[in-house]
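Everything below concerns the one structure shown next.
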Amino acid sequence: MARFGNGFTGKHVPTLGELRFSSMRREVYVQNEDGTRSDVVKERTYDLKSKTQGRMIQVSIPASVPVRDYPYNAVVDLVGAKFGAVAHATFGDNADVDWYIKAEDIVLVKQEPASVPNSGQTAQPRKDGQPDKKA
């Protein structure tokens, strides 16, 4: 098994495109010395929808970051994303590779408010010269 120990950084926006929040997938716990699971959370993995990849991706963030429970389909961004891979040797000279993404945090992208037609503008008179009918 081979691993990129420190991962590698890259521009995640061209690779992943717009990201939309789905849900938390799992919590990973620290193991005790005897191999049993402790009650200490090491990291949390979230499902995000990647527009460019056309599928769900998983991103892990440290447990020191508060639980992220954003609205479903909210547009999010990754802070300090790192990509990595684990390769498993298979039959012959082949290998299966599992990619993973770790980030420092997942944050909401601030959406521009939808513009309201004529907001803050005075009403324009009708071109035909007729007054507007009042109900």
Side-chain angles (χ1 to χ4, degrees):
M1 176 169 74
R3 176 185 290 269
F4 292 112
N6 296 324
F8 53 94
T9 59
K11 295 183 179 179
H12 68 275
V13 174
T15 303
L16 303 174
E18 181 182 77
L19 297 173
R20 292 191 175 262
F21 188 83
S22 182
S23 65
M24 181 168 57
R25 174 174 281 260
R26 68 179 166 270
E27 291 181 321
V28 177
Y29 293 87
V30 174
Q31 285 188 348
N32 294 319
E33 290 180 16
D34 63 358
T36 59
R37 186 184 95 168
S38 73
D39 293 333
V40 178
V41 177
K42 178 181 174 183
E43 66 183 17
R44 293 181 182 92
T45 302
Y46 294 86
D47 285 334
L48 305 177
K49 294 189 270 183
S50 167
K51 187 168 186 165
T52 302
Q53 294 298 313
R55 65 184 182 96
M56 198 76 73
I57 62 166
Q58 288 76 45
V59 177
S60 297
I61 61 173
S64 59
V65 175
V67 172
R68 298 301 185 208
D69 191 19
Y70 299 130
Y72 182 76
N73 259 351
V75 178
V76 295
D77 195 11
L78 303 178
V79 176
K82 284 189 175 181
F83 300 85
V86 178
H88 306 277
T90 59
F91 183 75
D93 292 332
N94 299 317
D96 290 332
V97 178
D98 294 321
W99 292 91
Y100 62 88
I101 304 170
K102 293 185 181 253
E104 295 170 15
D105 200 357
I106 299 171
V107 296
L108 277 175
V109 172
K110 293 184 181 178
Q111 296 289 323
E112 293 295 322
S115 62
V116 178
N118 295 330
S119 62
Q121 297 179 2
T122 58
Q124 299 294 317
R126 291 177 49 155
K127 291 183 181 181
D128 62 6
Q130 299 295 319
D132 289 333
K133 293 182 180 179
K134 306 264 180 181

Apply the test side-chain contact (heavy atoms from CB on, under 4.5 Å) to residues Gln58 and Met56: give CA-CA distance (whole Å), side-chain angles for both, the deciding distance (0.1 Å), then the verdict. CA-CA 7 Å; Gln58 288 76 45; Met56 198 76 73; 4.1 Å; yes
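- Within the model, atoms CG of Leu108 and CZ of Arg68 stand 8.5 Å from one another, a figure rounded to the nearest 0.5 Å.
- One finds the CG atom of Asp47 at 9.5 Å from the OH atom of Tyr72 (value rounded to the nearest 0.5 Å).
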Could you go step by step and tell me if Val97 and Val86 meet the side-chain contact (heavy atoms from CB on, under 4.5 Å) rule? CA-CA 6 Å; Val97 178; Val86 178; over 6 Å; no
Walk me through it: do Gln53 and Thr15 pass the test side-chain contact (heavy atoms from CB on, under 4.5 Å)? CA-CA 8 Å; Gln53 294 298 313; Thr15 303; 4.1 Å; yes
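- With hydrophobic clusters built from ILVMFWY side chains whose heavy atoms lie under 4.5 angstrom apart, Val76 shares a cluster with Met24.
- Rounding to the nearest 0.5 Å places OG of Ser23 at 9.5 Å from CG of Asp69.
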Full working for side-chain contact (heavy atoms from CB on, under 4.5 Å) between Ile61 and Glu104: CA-CA 6 Å; Ile61 61 173; Glu104 295 170 15; over 6 Å; no
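- Proximity of a side-chain donor or acceptor of Tyr100 to a complementary backbone N or O of Phe83 within less than 3.5 Å is not detected.
- One finds a salt bridge joining Lys102 and Glu43 here, because a Lys/Arg side-chain nitrogen approaches an Asp/Glu carboxylate oxygen to under 4.0 Å.
- Summarising the local packing, CG of Asn94 is surrounded by more than 12 heavy atoms from other residues, nucleotides or ligands at distances under 6.0 Å.
- Shown here for Ser50 and Leu16, the closest heavy-atom pair between the two residues is OG-O, 2.6 Å.
- With hydrogens and angles left out, the side-chain atoms of Glu27 and Tyr29 include a donor and acceptor closer than 3.5 Å.
- The distance from the CG atom of Asp77 to the CD1 atom of Ile106 is 10.0 Å, given to the nearest 0.5 Å.
- Side-chain N or O atoms of Arg44 include one that pairs as donor or acceptor with a backbone N or O of Val65 at under 3.5 Å.
- Residue Leu48 holds its CG atom at 12.0 Å from CZ of Arg20, rounded to the nearest 0.5 Å.
- At least one side-chain heavy atom of Leu78 sits under 4.5 Å from a side-chain heavy atom of Val59.
- Note on Val28 and Val67: separate hydrophobic clusters, where clusters join Ile, Leu, Val, Met, Phe, Trp and Tyr whose side-chain heavy atoms are under 4.5 Å apart, directly or indirectly.
- With rounding to the nearest 0.5 Å, the separation of NZ in Lys42 from OG in Ser64 is 13.0 Å.
- At distances below 3.5 Å, at least one donor-acceptor pair connects side-chain atoms of Ser38 with backbone N or O atoms of Val30.
- Without hydrogens or angle criteria, Asn32 side chain to Asp34 main chain gives no donor-acceptor distance under 3.5 Å.
- Annotation: ring-ring contact (aromatic ring centres under 6.0 Å, His included) contacts of Tyr70 (sequence neighbours excluded): Phe21.
- Grouping the Ile, Leu, Val, Met, Phe, Trp and Tyr side chains by contacts below 4.5 angstrom, directly or via other members, places Tyr46 apart from Val41.
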